[in-house]
Amino acid sequence: MTTDAHTPPAGAPRSDLRFLIIGAGMAGILSAIKLLEAGVDNFAIYEKADRLGGTWRENTYPGIACDVPSHLYSYSFAPNPEWSHRFAPGAEIQAYFEDVARRYGVDARIQYGKEISRCAFDDGRWNIEMTDGSTDVGHFVIAATGVLHHPSYPDLDGLDSFLGTTFHSARWNHETPLAGKRVGVMGTGSTAIQIISALVDQVAALTVFQRTPQWVMPIDNPAYSEQEKTDFRSEPEVMRQLRSEMSQLLTDGFANALVDANSPQLQAIHDACVANLETSVQDPTLREKLRPNYRAACKRLIMSADFYQAVQRPNAMLVSEGITGMEPSGARTSDGALHELDVLIFATGFRVDRFMRPMQVIGRGDTALEEVWSQGPSAYMAISIPEFPNFFMLNGPNGPVGNFSLIDVAELQFSYIMQLVEQVRSGACRELSVSRAAAERFDADRVEAAQTTIWKSGCKSWYLDANGVPTAWPWTFDRFEEAMATPRLPDFDMR
Ligand code: NAP
């Protein structure tokens with residue numbers, strides 16, 4: 001039976017509800033903090049690794065930083081006066097999450113080394129199984145499993161014959177010394193650009209294998225002075241003000257503009273990127289190799305103060321011919337050249353359609369997520385899937401990934417989820433998931449709106465699904481905030 005907000009089934013308020021949080025990255029830690037804040041103590045938080053931090057635990061490559069300003073890339077309730085730079089390095093961000101988890105009493109609750117292999121809904125409860133054989137049962141699942149965490153590797157002929165070392169950017173091999181070595185970096189995405197700038201002065205030779213050129217937006221990354229940090233410590237309001245200004249700037253100047261390929265903001269960004277290329281790269285041949293043939297921000301915009309300088313160092317070489325195969329001493333490219341290498345780093349991105357898989361998720365009536373997502377992942381409001389009651393995702397498919405600080409996104413999503421939870425807590429229903437009709441309507445609207453976004457303006461990127469449709473939230477960030485403020489209960493199948 002489907003009901004709406006006005007005709008809830010009768011039921012008593014519930015205090016026995018148990019929550020299972022999957023993942024102890026930014027969103028899982030947030031969930032645990034917010035549940036405790038709401039007076040919910042009956043929850044478990046499972047993490048497959050031996051440390052919290054998600055993407056910041058997994059990515060330890062040289063040069064790693066977040067290109068969202070750190071005072072914005074922080075929980076709204078836990079501002080951090082100690083950020084060293086406007087864009088703090090990854091290790092500082094990891095330390096921040098560890099510190100927040102400790103301060104809010106969450107770290108001791110995390111169960112490490114617990115990878116969920118199966119999650120099945122039966123008789124109003126979710127039963128989870130872990131690879132180590134343990135099990136748990138709860139009424140709600142919060143899947144905080146992240147987006148960019150299944151490394152994508154290129155399929156290279158002869159890779160086994162290569163006598164050097166290879167590894168993926170998200171599986172950095174800290175045992176391999178790079179100083180004085182001939183190092184290749186495959187890819188020119190956000191990750192590669194940070195690695196290239198950080199490595200070029202350490203290695204003997206750096207070969208950058210570029211498949212597609214990128215637009216690069218110049219950024220400054222000033223350090224915060226001791227005086228500024230003292231002010232932040234003594235007057236948290238200053239930090240909140242800064243956060244709010246940064247948020248407004250990013251929303252108006254970027255996030256809201258991405259959804260209109262013809263917006264003046266995007267034109268200004270494009271012009272700034274063109275000027276950066278023209279003024280930063282001296283050699284006309286190299287400049288043309290680096291010039292994209294698509295609009296800025298069609299692929300995820302690269303922000304860098306020093307990438308162009310890095311590729312112009314005497315020991316750097318930009319190769320735009322594709323690698324046709326690996327040989328014992330290096331990489332052979334389509335022009336016949338052999339690029340001798342000691343190390344080849346795959347900064348080749350992630351399998352972005354995986355989300356929580358390979359975890360098996362089975363909803364009501366034995367509905368398998370694998371089948372529901374056979375044409376690609378989707379979720380109503382990035383949170384709920386029909387027939388998967390009381391199962392909610394944070395940063396799930398179709399959310400504003402790439403537009404904004406994912407911390408703000410997760411905070412908004414969590415408060416939306418808690419409003420859904422409240423329907424069960426109050427006894428209005430026992431289980432709820434988006435109705436099929438509402439999910440289909442959302443998806444149709446989303447696909448239509450995606451056509452005029454910058455991501456659809458003529459480039460290939462991980463924002464596009466197998467049919468070339470951008471998968472990210474195609475409306476403004478303001479609209480996302482509005483949508484998250486109050487769930488439309490008639491869109492839910494409440495039982
Ligand atoms: P990515 O954006 O998917 O870039 C992968 C790069 O590898 C691209 O240049 C791609 O070329 C190249 N590539 C992939 N497969 C290849 C193949 N078989 N042969 C040749 N080249 C290949 O991955 P990423 O750089 O790891 O970034 C992923 C996302 O992580 C970013 O978009 C961003 O959302 C996030 N990130 C954020 C930050 C931050 O500061 N906030 C930093 C790093 C990453 P093509 O362009 O031709 O496909």
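A quick note: this is a predicted structure, and the numbers were derived from the prediction, not measured. Order of appearance sets the numbers: ligands from 1, and atoms from 1 within every ligand.
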#### Entry: Backbone or side-chain N or O of W462 under 3.5 Å from ligand 1 N or O
yes
### Query
For K460, is the nearest heavy atom under 4.0 Å from an atom of ligand 1?
no
### Message
Any nitrogen or oxygen of D67 lying under 3.5 Å from a nitrogen or oxygen in ligand 1? Just yes or no.
### Response
yes
### Query
Is ligand 1 under 4.0 Å from a heavy atom in the side chain of L148, in the backbone, in both, or in neither?
side chain
### Query
Which is it for F350 and ligand 1 at heavy atoms under 4.0 Å: side chain, backbone, both or neither?
side chain
### Message
So, 4.0 Å and heavy atoms of A347: is ligand 1 close enough to count as a contact?
### Response
yes
### Message
Can you check which of C66, C459, G349 brings a heavy atom nearest to atom 1 (P) of ligand 1?
### Response
G349
### Message
Between D335 (side chain only) and A337 (backbone N and O only), is there a donor and an acceptor less than 3.5 Å apart?
### Response
yes
### Message
Any side-chain to backbone donor/acceptor pair from S152 onto F350? Under 3.5 Å, distance only.
### Response
no
### Query
Taking heavy atoms and a distance under 4.0 Å, where does S152 meet ligand 1: side chain, backbone, both or neither?
neither
### Message
Quick check: K299 and ligand 1, any N/O pair under 3.5 Å apart?
### Response
yes
### Query
Side chain, backbone, both or neither: which part of Y61 comes within less than 4.0 Å of ligand 1 when only heavy atoms are counted?
side chain
### Audit row: E237, R243, salt bridge (Lys or Arg N to Asp or Glu O under 4.0 Å) steps and yes/no
CA-CA 10 Å; E237 193 43 46; R243 186 180 203 281; over 6 Å; no
### Query
Mind checking whether H174 and W172 have parallel, tilted or perpendicular rings, split at 30° and 60°?
tilted
### Query
With a 4.0 Å cut-off, would you call E321 and R332 a salt bridge?
no
### Query
Would you say the side-chain atoms of W83 pair up with the backbone N or O of R86, donor to acceptor, closer than 3.5 Å?
no
### Message
Considering M303, H168, R211 one by one, which has a heavy atom nearer to atom 16 (C) of ligand 1 than any of the others?
### Response
R211
### Query
Where does Q194 meet ligand 1, judged by heavy-atom distances below 4.0 Å: at the side chain, the backbone, both, or neither?
side chain
### Aromatic ring pairing W473/W475, orientation class (parallel under 30°, perpendicular over 60°, tilted between)
perpendicular
### Message
Against F209, only a single residue in I345, T333, V185 fulfils side-chain contact (heavy atoms from CB on, under 4.5 Å); can you say which?
### Response
T333
